[in-house]
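In what follows, every chain begins at residue 1, and chains take the letters A, B, ... in the order their sequences are listed.
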Protein chains: 2
Amino acid sequence: MTTKGGGARSKRSKRNGASPQSVREPRGEPPLSLERIVAGAVELLDAEGLEGLSMRRLADRLGAGAMSLYWHVANKEQVFDLALDSVLEYRASPHVEPRDWRGDVVHMLEDWRASMLRHPWSASLLPRRALGPNILARLELLGKTLSSAGVAQADLNVAIWSLWNHVMGATVTRASFDLSKDDQAAAQQRLAGLSGRYPTIESSRLLLDDDWDGAFRKGLDFLLDGLCP
Amino acid sequence: MTTKGGGARSKRSKRNGASPQSVREPRGEPPLSLERIVAGAVELLDAEGLEGLSMRRLADRLGAGAMSLYWHVANKEQVFDLALDSVLEYRASPHVEPRDWRGDVVHMLEDWRASMLRHPWSASLLPRRALGPNILARLELLGKTLSSAGVAQADLNVAIWSLWNHVMGATVTRASFDLSKDDQAAAQQRLAGLSGRYPTIESSRLLLDDDWDGAFRKGLDFLLDGLCP
DNA sequence: AAATCGCATCGTACAGCGTACGAGTCAATC
DNA sequence: GATTGACTCGTACGCTGTACGATGCGATTT
């Protein structure tokens, strides 16, 4: 084992509901916990971005000392992994009778993409080999749906993999692309600076005002057409 | 302007061929240059990974002081951006007569993916808004080929975007997935630890022995079928 | 020959980082 | 009362990116 695996050496606190507050936190700060750490990390990432998250700042925000975090968490990498996975939770809409499988798949994948775009830092955390339970649950659901829709076992991996690629690529590309309106002027200027070296891109206005959502949906449809004929 | 833009405040050295060596480097180290910095960065990244690149270590490798780098480069971020783009250079095979456009597209995109997989750190650098000349050149080539293949102007952006997504997703996913044979045993163990909570994934052996290349190609074909009917 | 100027290099210093280590505090148990 | 285990945290170490200013150099101007 290479430092990955179960969180630090803790076993989750056992003190349920008993003491109204301990003496440790004189100003009513609740005790540290994995949940609070992850939630705080997400807040901090949302507010300050990737660079804004440091163990010291996270601990400050939680009213704790920096080293206290390390009881609940092995290292900073694990905080990132947990934050990413926590943002990818998925609650399937509870449908009694099975809707059309294709609608389910599209819904889940669009929700996936939306969840990541809601937290722009998440795209930067993707290229690490961290498969948290929520990511695995989404893949499981995807596989199950496709399988019950009649995709052959032999083609299942290709299907899952291609669809996942599409979602990942769409979020990563958009993160690297989208100028989110705050510096659209800068983009204009940048393109102008290229002045004719990339005529096709310029004339297609690829970098400027794209219908990202529509393109995502369209590519998804083509993939599904091909994968599940 | 927000610290992005043209490299630092240098204008590239003017001394062409004249002096055989200056007095500054008594042991024959060639002078610093953007090219040498970028090449050194790629070497260091290949050898030590993302975390292994620091300005001090890079300067050491080049036989220079750390702060000397900052004459040629604005900051560390720019080093990353330049390293990524430098790895994505593409030389189209010189074909006199136009081959089939689809073969050209597939070749270019497979080369793109291969280039990134050859430098595993590159996937982690994707989710930043850095569109270097080589990336733009690839997009330009892609757009031009599709356009000359008859893709309507209105559909061009969707096509470029979907194909790009596919490549990005494939490299990012693989980077986060592939256990590159060094710890395949760890993967077995990891999956065993999940013990039945993700039956579809387990039975499909999705995480273990996949035909990544074939899946990439298959998804690409589906996309091209749909995009360019 | 002397002064000036731009390019380029680099030593020092600072604030911040992740985290190893060990001492500390508390509640529950024996 | 003593012990144990869960949990917190102060200090310290080595490392980071880079701001600042001093220095050297070749070429140009005076």
To the nearest Å, give me how far apart CG (A/Leu58) and P (D/dT8) are.
13 Å
Expressed in angstrom and rounded to an integer, what is the separation of B/Glu77 atom CD from D/dT18 atom C1'?
13 Å
For B/Leu34 and C/dC7, what is the distance between atoms CG and C1' respectively, to the nearest whole Å?
15 Å
Calculate the interatomic distance between A/Ile37 atom CD1 and D/dC9 atom P; express it in whole Å.
11 Å
OP1, OP2 of D/dA6 versus side-chain N and O of A/His72: anything below 4.0 Å?
no
Do any pairs count as a salt bridge (Lys or Arg N to Asp or Glu O under 4.0 Å) and have a residue in residues 58-73 of chain B, sequence neighbours left out, and if so which ones?
B/Glu43-B/Arg61
Just how far, in rounded Å, is P of D/dA22 from CH2 of B/Trp71?
17 Å
With sequence neighbours excluded, what pairs up with A/Asp46 under the salt bridge (Lys or Arg N to Asp or Glu O under 4.0 Å) test?
none
Would you call B/Arg174-B/Asp213 a salt bridge at under 4.0 Å N-O?
yes
Of B/Met67 and A/Ser68, whose nearest nucleotide on DNA chain D comes first from the 5' end?
A/Ser68
From CZ of B/Phe80 across to P of D/dT16 the rounded distance in Å is 12 Å
Tabulated below should be each protein N or O lying under 3.5 Å from an N or O of nucleotides 15-18 of chain C; please produce it.
unit_1	atom_1	unit_2	atom_2	d
C/dC17	OP1	A/Ser54	OG	3.0
C/dG18	OP1	A/Lys76	NZ	2.7
C/dG18	OP2	A/Met55	N	2.9
C/dG18	N7	A/Arg56	NH2	2.5
C/dG18	O6	A/Arg56	NH2	2.8

Per the salt bridge (Lys or Arg N to Asp or Glu O under 4.0 Å) rule, what does the pair list look like for residues 158-173 of chain A, sequence neighbours excluded?
none
Could you tell me the separation between the CG atom of B/Leu50 and the P atom of D/dG17, rounded to a whole number of Å?
12 Å
Report the residues that fulfil side chain to side chain donor-acceptor pair (under 3.5 Å) with A/Arg138, sequence neighbours left out, ordered by chain and then residue number.
A/Asp111
With sugar-phosphate meaning primed atoms plus P, OP1 and OP2, does A/Ala59 contact a base, only sugar-phosphate, or nothing at under 4.0 Å between heavy atoms?
nothing
For A/Ser54, give me all partners under side-chain contact (heavy atoms from CB on, under 4.5 Å), at least two apart in sequence or on another chain.
A/Arg56, A/Arg57
